[in-house]
Number of protein chains: 2
Amino acid sequence: MVTIKDVARVAGVSIGTVSNVLNGKESVRLQNREKVYKAVDQLGFQYNMTASALRTKTTKNIGLIIPTIVNPFYPELARGVEDEARKAGFTVFLCNSDREEEKERNYIGALLSKGVDGIILLKPKSSQEELRRLNSQIALVVEDWDYRSDQELMTVSSDGYMAVIQAMNLLFQYKHRKIAFISGLMESPSGFGKMRAYEISLESRNISYRSEYVAYGDYSWKSGYAVAKEFVKLETVPTAILAANDMMAMGAMKAVQSMGYRVPADISVMGIDGIEMGKLCTPSLTTVLQPKYEVGVAAFRLLGRILAGEDIPEDKRHIMLETRIMERESVAYADEGRLI
Amino acid sequence: MVTIKDVARVAGVSIGTVSNVLNGKESVRLQNREKVYKAVDQLGFQYNMTASALRTKTTKNIGLIIPTIVNPFYPELARGVEDEARKAGFTVFLCNSDREEEKERNYIGALLSKGVDGIILLKPKSSQEELRRLNSQIALVVEDWDYRSDQELMTVSSDGYMAVIQAMNLLFQYKHRKIAFISGLMESPSGFGKMRAYEISLESRNISYRSEYVAYGDYSWKSGYAVAKEFVKLETVPTAILAANDMMAMGAMKAVQSMGYRVPADISVMGIDGIEMGKLCTPSLTTVLQPKYEVGVAAFRLLGRILAGEDIPEDKRHIMLETRIMERESVAYADEGRLI
DNA sequence: TTGTAAGCGTTATCAA
DNA sequence: TTGATAACGCTTACAA
């Protein structure tokens, strides 16, 4: 293995000088700088970050823990993290927790052992207690976490509550009043927030809440499919179905169609996320765009600032990104050509 | 920072003993073993893999370079790699090359610097020359690479050639003879193989090749969309469209529908890949299942064996996984209720 | 079975 | 501006 020692020998300078050149320090005479580069080329020297990491205690690696890779939402978000990380010279370990607390914990331990400089944790399953402890030993940014419960934690989210408000407003605009809701898991702030927003929206229009119009899925399209079938079997069939994410919405759309109803002529279906795939179903899915990629970018930027030693003022510790309606084809007026 | 030195002090043993305990060496007396574990707990000791890596020259990290995260094909494959890697105690750096040679090269360099033990490279853009050199300095497994050009390289693939043969046979079975083909990029063995298989299939049925029935996409649904529109504008509209991957097929389906034709009643559309999303379009996409996850698993297993120092015999260096037809709703008989 | 000490490839301090 | 040298936290002979 070629080390800076070899480079130093060949270049005829000290290893300190080589190290300085490699780290872009200004203090090296041009002449020596060139000698070093020449030797590097000549020897095919490969810089060893492991050694550097041991000495400097920084690996330029970060860990990114995502709940699942099955929902394209997370790869898109991960992409934002990765792109931004690369710009800053960081490499990312991508880990799937499968929404399991145990796996999440294991990965955190592994990442800590690997000496990552920071961790970005999406939709954490760990307890507040654990996260707080983790936060005290490593730079941490958490997504979809209720920052009001812990001001210390750095958080990034897109506004699930507002997303549902926007979605409901669109549905109201299209004259829907019988709106069913496929909620996600009641384990995250966004899960709760969306549910709450659904209730509030109904209230604001004086529409009474019907428990048979609410069901819970696990964010998979299959759960959306199963649950939507039940909605359609109801005595008073809803005229619109809103799902907490696009995957469930697409499942619901399939279910509605499989039961012989048309989307959106008979039943409108709407999702939340704005994944690319929503454009490919028929009809294409009307949804609320969550800035996934941007959440990833923001998460890394925040982490980067922590790593740079910046003290983030209280009011900058919690980033919330806006969502916006993305109207496509799956929502139509409630009273248009209805079979029901 | 708590080191094994501290653990040794607290446990009242030597650091060598601590190291042995931590590495599960049998040679330590039970009594000491327990003392060490107690001290580890008491001190909240975090094992430092960086130090270990420097000494042992193995990081238990691998790099996985994928062409894109936009096509769910690759996340699914990546998942196979990750799961299998985790079982073996490895962590994976996931990198997106965006199908750009430059980016791929950069990532390879970064991974090398990070001291990964091995690299899995999907759909490489690098030259054979470069890959050969890379292979000589690090454990390497390459996907979608023509192993006949270089027996040394370890390769894993799913059989694109056979996939198209199977797809064409299905279409023939459904009485199609006017079959258009959306080819992928002619840069990879699978790209070439699929094209070749299309030609051979036609030949075997004595159907003459029409150049206007062949177009090239870049694997994105948009390219499939654009290209399919041209097919539909042709004087003799094809009765079936086969795309080299599911994303393009789904785009093609959208295009066909947007031009007022029904799928599959007027035009059948078929893809290759078997991505989960194919179930969610309407009609659901008939396709050829490529064992993505299994390719990932196989790739890591092969890499793992190289890392374990096994000498892989020539005939085990090239793994090719079988594909199979996954019939869904987008292919029907050529002469059924046709408008054209 | 255990302890001691050299060394992995860098960085950083200090003196020159 | 440079060179020499002691760390960094672990593993691994080798000696005890």
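Just so you know, these numbers use all the heavy atoms, side chains as well, and skip hydrogens, waters and symmetry mates. Within every chain, numbering begins at 1; the chains are lettered A, B, ... in the order of the sequence lines, protein sequences first and strands thereafter.
Residue-level contact check: Met1(B) touches the backbone only, with heavy atoms under 4.0 Å from sugar-phosphate atoms and none from bases. As judged by a 4.0 angstrom heavy-atom cut-off over every strand, Asn20(A) is placed among residues making no nucleic acid contact. Lys5(A) comes within 4.0 angstrom of no nucleic acid atom, judged by non-hydrogen atoms across all strands. Looking at heavy-atom distances under 4.0 Å, Ile15(A) makes contact with a base. Contacts of Gln46(A) with the nucleic acid, taken as non-hydrogen atoms under 4.0 Å apart, involve only primed sugar atoms and P, OP1 or OP2.
Candidate nucleotides dT11(D), dT2(D), dG9(D) were compared by shortest atom distance to the side chain of Thr17(A), and dT2(D) ranks first. Looking at the side chain of Leu54(A), the nearest of the listed nucleotides dT1(C), dG9(D), dT11(C) is dG9(D).
For the side-chain contact (heavy atoms from CB on, under 4.5 Å) test with Leu121(B), the passing option among Leu64(B), Val141(B), Leu111(B), Ile108(B) is Ile108(B); the others fail.
Each of Phe45(B) and Ser14(A) has a nearest nucleotide on DNA chain D; the 5'-most of these lies closest to Ser14(A).
Computed from coordinates, the Asn48(A) CG to dC8(D) P distance equals 18 Å when rounded to whole Å. For the pair Arg9(B) CZ and dG9(D) P, the interatomic distance rounds to 13 Å; values are reported in whole Å. Here dG9(D) presents its C1' atom at 12 Å from CG of Leu22(B), a figure rounded to the nearest Å. If you measure from atom NZ of Lys60(A) to atom C1' of dT11(C), you get 15 Å, rounded to the nearest angstrom.
A side-chain donor-acceptor contact under 3.5 Å links Ser188(A) and Asp144(A). For the residue pair Tyr74(A)/Asn96(A), the side-chain donor-acceptor check at 3.5 Å is not satisfied.
Checking the phosphate oxygens (OP1, OP2) of dG9(C), a side-chain nitrogen or oxygen of Lys57(B) falls inside 4.0 Å. The phosphate of dT10(C) has neither OP1 nor OP2 within less than 4.0 Å of any side-chain N or O from Ser19(A).
Arg55(A) contributes no side-chain N or O that forms a donor-acceptor pair with the base of dT10(C) under 3.5 Å.
Between Arg317(A) and Glu314(A), at least one side-chain N (NZ, or NE/NH1/NH2) sits under 4.0 Å from a carboxylate O, which counts as a salt bridge.
Separation of the Tyr219(B) and Phe73(B) ring centroids does not fall under the 6.0 Å cut-off.
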